[in-house]
Asks: 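Here it is, the structure, as structure tokens.
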Amino acid sequence: MNTLRRARNALAAAIVVPVAAFGLAACGSDNGSGGAGDGEITVAATSFPDYVDPQLSYTLEGWEVLWNVYTPLLTYRHKKGEEGTEVVPGLAEAMPEVSPDGLTYKLRLRPGMKYSDGTDIKASDFTYAIQRLFKADSGGSVFYDVIVGAKEYADGSADTITGITTDDETGDITIQLTEPNGTFENLLGLMFAAPVPPGTPLDSDATNDPPPASGPFMISSVDAPRTLTLERNPQFQTVKDAGAEEVADANVDKITLVENKNQSAQVTDILQNKVDFMMDPPPADRLQELRSRYSDRFRMEDSINTYYFFLNTEQAPFNDVKVRQAINYAIDPEALNRIFGGRLHPTQQILPPGMPGHQEYTLYPGPDMDKARALIAEANPADRDITVWTDDEPDRKRIGEYYHDLLTQLGFNATLKVIAGDVYWTTIGNQSTPDVDTGFADWFQDFPHPDDFFRPLLHGDSILPTNGNNLSRVNIPENNARMDELLTEQLTDEGVEQGYADLDKSYMEQAVWAPYGNEQFTTFLSDRMDFDKSYHHLLFNQDFTSFALK
């Protein structure tokens, strides 16, 4: 899952200063004997986080790790199911005071809190984080340009974001918006908005040099893309002492994340207690074994996501709607479901089940290869050379192979390009990367609002130089305007959910994507772990604070 208006190499003169060192946590018992706040565990990842930086990370792996490292002013409740999608106070003392016109948000930072390196957490650090979000070309910046002055700051015509004022003495933070925004409390709960010290460089090595932490864990070492280590944040007690009750504490002292591209080997390592948790679901050929023999430590989990193939609408052959519609007719979701081992709910739309505004429909019944070939014959594209992109995770590679074969059957000269999952999103999200025609994509909800499945993925303003998520490079002015209009209203207002359902269908009439399903996730733990305590969060996947040894 995964910037903006200026190249990063132009940032050095902005507000870059040396990064502050972060302290190492004092470890408790590491004998694996268990108990609350005791012991060390190992987690396996098929791909490494894209960044270990709250303003830049925008992948499933990154957010799963960073949620409990960087705490924003608001956060999400540490609960499974829908309870976990509730926004609650984090570093702020309370939920914001919002003006009657919806344009002004006032919060107060809790006093006395410190980052993991001992630096005081200050109200002005929030301003710095939002500035950094824009200057670092973050994919998340598209959500926050509703703040007064953000666009001017991003394009270099202003030296600060005028819509944010702070007082470090009182902890007061005031945010002015250009128009009401029905998602703004959600946005304040994302890591994009997590305060960082002003000593954090804008142009830092965001893969190996993380900022100091404000959550229960800190990243004590990184060797990307092989391993990283989370340890208890030695200053987290200052956050708890300040009254941040909704920010959960850790139950283990240390988590070591290791990359392993072989998911079947990950399963075996868990069965042998060499690894305690795998972030990705097991491969299809091992699902039945785990369901039948290990139900005491394996379960299926709900997840809100959409899998699709992106289609670059800016260039041939996918700048022709008939070609894009042909792809939608040709795809066989059931064939793809076999790759997932039956964990895929077939679909053909943008909004997934469980997301407000979802109304199931089918515009392109199929698979219908005859209809697809007829549409391509009508379009008669002059350019039939296509590069198909996917990553090297086993299931993604098989998805790419299926799609490559399908395009070949449709008469295209398709070339399959498989690259490392660790760099996949940053590569295809960079407009300087050549031949990004079409390929594998998915999107897991950032927050429980349909705007999250439209704005970063389909709004014209989200066609960014780097770290972009509008991979199809869609820019439909009337849809942009309707999206912006819907955002000024509350989701509970009459007609708003229907408006998002209509927007979904409008985009799919233009076949800007080729969606094919929604994935069900899993939890699988070693038998050293307390299975009942550990849970899957609807927004951030496994909650690392819920990990506990027996």
Side-chain angles (χ1 to χ4, degrees), residues 72-77 82 85-109 123-124 126-127 129-131 133-134 140-154 158 160-167 170-195 246 351 355-357 445-456 458-462 478-503 539:
L73 299 177
L74 307 181
T75 189
Y76 287 87
R77 194 179 294 281
E82 289 190 11
T85 65
E86 181 184 352
V87 182
V88 293
L91 298 185
E93 289 183 341
M95 295 298 289
E97 176 187 329
V98 185
S99 62
D101 62 5
L103 297 180
T104 304
Y105 286 67
K106 292 184 177 182
L107 304 100
R108 177 167 290 178
L109 191 72
S124 58
F126 171 76
T127 308
I130 302 300
Q131 290 177 342
L133 187 70
F134 286 97
S141 59
V142 299
F143 292 121
Y144 299 87
D145 60 11
V146 70
I147 299 174
V148 170
K151 290 183 178 180
E152 292 77 8
Y153 180 78
T160 188
I161 298 177
T162 56
I164 304 176
T165 55
T166 61
D167 184 328
T170 64
D172 288 339
I173 299 169
T174 301
I175 308 166
Q176 300 282 345
L177 306 186
T178 59
E179 56 189 2
N181 185 296
T183 68
F184 199 69
E185 287 186 356
N186 294 103
L187 302 182
L188 291 175
L190 300 181
M191 279 86 70
F192 292 132
E246 298 289 358
L351 293 175
M355 178 59 64
Q445 71 166 344
D446 302 325
F447 51 89
H449 192 289
D451 187 71
D452 180 46
F453 276 77
F454 292 112
R455 185 163 306 276
L458 295 166
H459 197 290
D461 288 350
S462 299
E478 56 269 31
N479 283 6
N480 295 340
R482 181 57 177 147
M483 194 188 307
D484 293 342
E485 179 187 358
L486 285 167
L487 193 59
T488 66
E489 304 177 60
Q490 294 298 314
L491 195 54
T492 53
D493 290 348
E494 185 177 356
V496 173
E497 284 199 36
Q498 184 60 51
Y500 281 110
D502 294 341
L503 195 61
L539 302 182

Asks: What pair of heavy atoms forms the shortest contact from Pro72 to Gly189, and how long is it?
Replies: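 Minimum heavy-atom separation between Pro72 and Gly189: CG-O, 3.6 Å.
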Asks: Does a side-chain heavy-atom distance below 4.5 Å link Val87 with Phe447?
Replies: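 No - every pair of side-chain heavy atoms lies 4.5 Å or more apart.
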Asks: Once you measure the plane-to-plane angle for Phe143 and Phe192, does it fall in the parallel (<30°), tilted (30-60°) or perpendicular (>60°) bin?
Replies: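 Phe143 and Phe192: tilted rings.
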Asks: Measuring from atom OG1 of Thr160 to atom CD1 of Ile130, what distance do you get when rounded to the nearest 0.5 angstrom?
Replies: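 Going from the OG1 atom of Thr160 to the CD1 atom of Ile130 covers 11.5 Å.
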Asks: To the nearest 0.5 angstrom, please state how far the CD atom of Glu93 sits from the CG atom of Leu91.
Replies: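 The CD atom of Glu93 sits 11.0 Å away from the CG atom of Leu91.
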Asks: Measure from the ring center of Tyr105 to the ring center of Phe184 and say whether it is less than 6.0 Å.
Replies: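 That pair passes the under 6.0 Å test.
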Asks: Please test Val98 against Thr104 for side-chain contact (heavy atoms from CB on, under 4.5 Å), starting from the C-alpha separation and ending with a verdict.
Replies: CA-CA 6 Å; Val98 185; Thr104 304; over 6 Å; no
Asks: CG/Leu73 to CG/Leu187 distance, rounded to the nearest 0.5 angstrom?
Replies: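 CG of Leu187 is found 12.0 Å from CG of Leu73.
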Asks: Nearest heavy-atom pair of Pro195 and Ala129: which atoms, and what distance?
Replies: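 Scanning both residues, the minimum pair turns out to be CA-CB, 4.0 Å.
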Asks: For a 4.5 angstrom cut-off between non-hydrogen side-chain atoms, does Gln176 reach Ile147?
Replies: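 No, their side chains stay 4.5 Å or more apart.
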Asks: Under the salt bridge (Lys or Arg N to Asp or Glu O under 4.0 Å) rule, collect the residues that match up with Glu152, sequence neighbours excluded.
Replies: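 Glu152 satisfies salt bridge (Lys or Arg N to Asp or Glu O under 4.0 Å) with no other residue.
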Asks: Looking only at heavy atoms, what is the nearest atom pair of Leu74 and Pro89, with distance?
Replies: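 Closest heavy-atom pair between Leu74 and Pro89: CD2-CA, 4.1 Å.
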Asks: Are Ile173 and Thr127 packed together at the side-chain level, in the sense that at least one heavy-atom pair is separated by less than 4.5 angstrom?
Replies: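 No. Closest side-chain heavy atoms not under 4.5 Å.
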Asks: If you draw a 6.0 Å radius around CD in Glu82, do more than 12 non-hydrogen atoms from other residues or ligands fall strictly inside?
Replies: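 At most 12 heavy atoms, drawn from other residues, nucleotides or ligands, come within 6.0 Å of this atom.
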Asks: Would you name the heavy atoms of Asp172 and Arg108 that are closest together and state the gap between them?
Replies: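 Scanning both residues, the minimum pair turns out to be OD1-NE, 2.6 Å.
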Asks: Give me the atom names and distance for the closest heavy-atom approach of Gly357 to Ala501.
Replies: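 Of all heavy-atom pairs spanning Gly357 and Ala501, the closest is O-CB, 3.2 Å.
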Asks: Does a side chain donor of either Glu179 or Thr488 reach within less than 3.5 Å of an acceptor in the other side chain?
Replies: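 No pair is found: no donor N or O on one side chain lies under 3.5 Å from an acceptor on the other.
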Asks: Looking at Ala123 and Thr166, what are the two nearest heavy atoms and their distance?
Replies: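 Where Ala123 meets Thr166 most closely, the heavy atoms are O-CG2, 3.6 Å.
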Asks: Got Asp101 and Pro180 here, is their nearest side-chain heavy-atom distance under 4.5 Å?
Replies: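 No - every pair of side-chain heavy atoms lies 4.5 Å or more apart.
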Asks: Apply side-chain contact (heavy atoms from CB on, under 4.5 Å) to Pro448 and list each qualifying residue two or more places apart in sequence or on a separate chain.
Replies: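 Applying side-chain contact (heavy atoms from CB on, under 4.5 Å) to Pro448 gives Tyr76, Thr85, Asn186, Gln445, Leu539.
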Asks: Between Asn479 and His459, do the side chains contain an N or O donor and an N or O acceptor separated by less than 3.5 Å?
Replies: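 His459 and Asn479 do not have a side-chain donor-acceptor pair below 3.5 Å.
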Asks: Calculate, to the nearest 0.5 Å, the distance between atoms CD and CG belonging to Glu185 and Leu107 respectively.
Replies: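 Glu185 CD to Leu107 CG: 8.5 Å, rounded to 0.5 Å.
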Asks: When rounded to the nearest 0.5 angstrom, what distance separates CG in Asn181 from CD in Gln490?
Replies: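 Reported value, rounded in 0.5 Å steps: 9.0 Å.
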Asks: Using a 4.5 Å cut-off on heavy atoms from C-beta on, say whether the side chain of Phe134 contacts that of Ile161.
Replies: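 Counting from C-beta outward, Ile161 and Phe134 do come under 4.5 Å.
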Asks: What's the separation between atom CG in Leu103 and atom OG1 in Thr178, rounded to the nearest 0.5 Å?
Replies: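 So the gap between those two atoms works out to 8.0 Å.
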Asks: Tell me whether Glu494 at atom CD has more than 12 heavy atoms from other residues, nucleotides or ligands lying less than 6.0 Å away.
Replies: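 Not buried by this count: 12 neighbours or fewer within 6.0 Å.
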Asks: Under a 4.5 Å cut-off applied to non-hydrogen side-chain atoms, are Phe126 and Ile175 in contact?
Replies: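 With C-beta onward as the side chain, the pair touches.
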Asks: Can you find a pair of side-chain heavy atoms, one from Leu491 and one from Tyr500, that are under 4.5 Å apart?
Replies: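 SC-SC contact between Leu491 and Tyr500 confirmed.
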Asks: Kindly indicate, with the supporting measurements, whether the criterion salt bridge (charged side-chain N to carboxylate O under 4.0 Å, His left out) is fulfilled by Asp461 and Arg455.
Replies: CA-CA 8 Å; Asp461 288 350; Arg455 185 163 306 276; over 6 Å; no
Asks: Would you please name every residue forming a salt bridge (Lys or Arg N to Asp or Glu O under 4.0 Å) with Glu485, sequence neighbours left out?
Replies: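 Here the qualifying residues are Arg482.
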